[in-house]
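Throughout, a chain's letter reflects where its sequence line sits, starting with A, and its residues are numbered from 1.
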Protein chains: 2
Amino acid sequence: MPPKSRAENRAEQTRAIQVTGRRHLAEVGPAALSLRAIAREVGLVSSAVYRYFPSRDDLLTALIIEAYDELGDAVETADAGVRDRDDLAGRFIAVGNAIRDWARANPHEYALLYGSPVPGYAAPDTTIPSAARISGAFLTLAQLSGQRGDAVPQARPVSAQERQALGGIRQALDVPLDDERTVRWLIAWSTVFGHLSLELFGHMYRGILDYDAHFAQVTGQLTADLGLA
Amino acid sequence: MPPKSRAENRAEQTRAIQVTGRRHLAEVGPAALSLRAIAREVGLVSSAVYRYFPSRDDLLTALIIEAYDELGDAVETADAGVRDRDDLAGRFIAVGNAIRDWARANPHEYALLYGSPVPGYAAPDTTIPSAARISGAFLTLAQLSGQRGDAVPQARPVSAQERQALGGIRQALDVPLDDERTVRWLIAWSTVFGHLSLELFGHMYRGILDYDAHFAQVTGQLTADLGLA
DNA sequence: CACAAATCGAGAGCAGTGCTCTTGTTTTGC
DNA sequence: GCAAAACAAGAGCACTGCTCTCGATTTGTG
């Protein structure tokens, strides 16, 4: 075995801490994540971990970015898997299903990303690019739908204040998007994550008996409301 | 001052613990809520608190029920405040605004109710009646809309599995509700709480510049989608 | 090559947490 | 009046995040 350089060793240890941190996260959730427990498993004393992550929050930040990117990969892969690129309804449903599948497979990670923020933790700007991949997937489909001129069904007139409120999104887009459509897609965004949070956090318990069927019904309805179907 | 009986004293202490617990909850959030800190402020030693609440989770349960009921009161008051009882769109918007106003005024309590569940905590059935008041407000409006025969716009055919999945809700209703309408209202439910969670947990930051305007636009659109407007 | 500087792991320690158990006191109900 | 129940206090356990110090090892440089 070749003697490892200090830089190699550092990278290796950092990765080891993060991967066992990730496993602990998946098992006990963000709130119960313990630096000391991670250190024990990696074979380090607790204080040594601080050489690699200045604080528990910094480790959490790394895990948040990792999770966002994992979810982003899942979403983009699912979208790319739809043969007919013009089937925007199919792509929307594929994206929705990808998010839900990932969330159900990684409930604690989903809670870390979209649940209550952990106390005292302020998400640094470094998480934004990875987080934006998810909403970006929706916005890309919205742009495509706008470009081909899909009608926006039942669209309500957009208030002047709302037009202004959408300025942040307008700026982030390369292709302009009419406000009526933007509102519809933002609603779809809220609906999908609302459904997931209500489902995963137990609020549909005993009310809805088949989450799969209901989610499919909801995303199907959303494709209609978005003018895709 | 009259000497208090043991029962009086017990009720008083229990209430004192819960109210300072509630204040701490509002200040530091559910995860950082500390029994010891509460005990210090009430003027008790930490172990004495266990005479009143067997565990931290039991205190949390009491606070959850308190919060649900407070939100339920706000919702029902808001609905009752709408003069024209036939203005279901107005009542829906009033309910939505009441939920959002309460959530923004009590973000930590909202996180406790609708955010990630606290680790190791399993909500006992005692929380269900209070929690059901919120969704019940929506379902009441749905029933009224169904009774007067509002059309459900753009309704998609409801799959057989979904019809079965809605059995849990159907049972809880006194007045029957067509499945198409039920789906629409469940979507509205997800959309409202999705919006709130995304807003309060920071996911709209820098994207949507005026949360008030956007929420108004969303609820307005929902009234149209529900066939109320 | 030598040596100072930077890096690292280990250990002790601090302040905090939820929770349990024991001990002595006070109030209750028979 | 007295045994029983309820109660507050305190000590203690195992755990947490985090800081500091102390040697050992690896680095880059004169």
Within the structure shown, what part of the strands sits under 4.0 Å from [X] by heavy-atom distance: base, sugar-phosphate, or nothing?
X: S55(A); value: sugar-phosphate
X: R56(B); value: sugar-phosphate
X: L59(A); value: nothing
X: Y52(B); value: sugar-phosphate

Handout entry: N9(B): partners by side-chain hydrogen bond (donor to acceptor under 3.5 Å, both in side chains), with sequence neighbours left out
Key = none
Handout entry: Under the side-chain hydrogen bond (donor to acceptor under 3.5 Å, both in side chains) test, residues paired with N97(B) that sit two or more places apart
Key = none
Distance check needed: [N] [atom2] versus [X] [atom1], whole Å only.
X: R40(A); N: dT16(D); atom1: CZ; atom2: C1'; answer: 10 Å
X: L44(B); N: dA6(D); atom1: CG; atom2: P; answer: 17 Å
X: Y50(B); N: dG12(D); atom1: OH; atom2: C1'; answer: 14 Å
X: H24(A); N: dT16(D); atom1: NE2; atom2: C1'; answer: 15 Å
X: F53(B); N: dC7(D); atom1: CZ; atom2: P; answer: 13 Å

Practice task
Tell me whether the OP1 or OP2 atom of dG10(D) has a side-chain N or O from S47(B) closer than 4.0 Å.
Solution key: no
Problem - Earlier contact from the 5' end, DNA chain C, for G43(A) and R36(A) - result: G43(A)
Working to the nearest 0.5 angstrom, can you tell me the gap between [X] [atom1] and [Y] [atom2]?
X: H203(B); Y: S197(B); atom1: NE2; atom2: OG; result: 8.5 Å
X: R184(B); Y: Q221(A); atom1: CZ; atom2: CD; result: 3.5 Å
X: F201(B); Y: Y114(B); atom1: CZ; atom2: OH; result: 11.5 Å
X: T191(B); Y: L196(B); atom1: OG1; atom2: CG; result: 11.0 Å

Handout entry: Of all pairs that satisfy salt bridge (charged side-chain N to carboxylate O under 4.0 Å, His left out), the ones with a partner from residues 106-123 of chain B, not counting sequence neighbours
Key = R22(B)-E109(B)
Handout entry: Qualifying residues under side-chain contact (heavy atoms from CB on, under 4.5 Å), relative to I128(B), sequence neighbours excluded
Key = R206(A), D125(B)
Exercise for the section: Identify whether the distance between the nearest side-chain nitrogen and carboxylate oxygen of D210(B) and R163(A) falls below 4.0 Å. Expected result: no
Handout entry: Heavy-atom protein contacts under 4.0 Å, nucleotides 21-28 of chain D, coded B base, S sugar-phosphate only, - none
Key = ----BBS-
Exercise for the section: Using the heavy-atom set of chain B and a strict 4.0 Å cut-off, write down the first and last nucleotide of DNA chain C that makes it in, 5' to 3'. Expected result: dT17(C) to dT28(C)
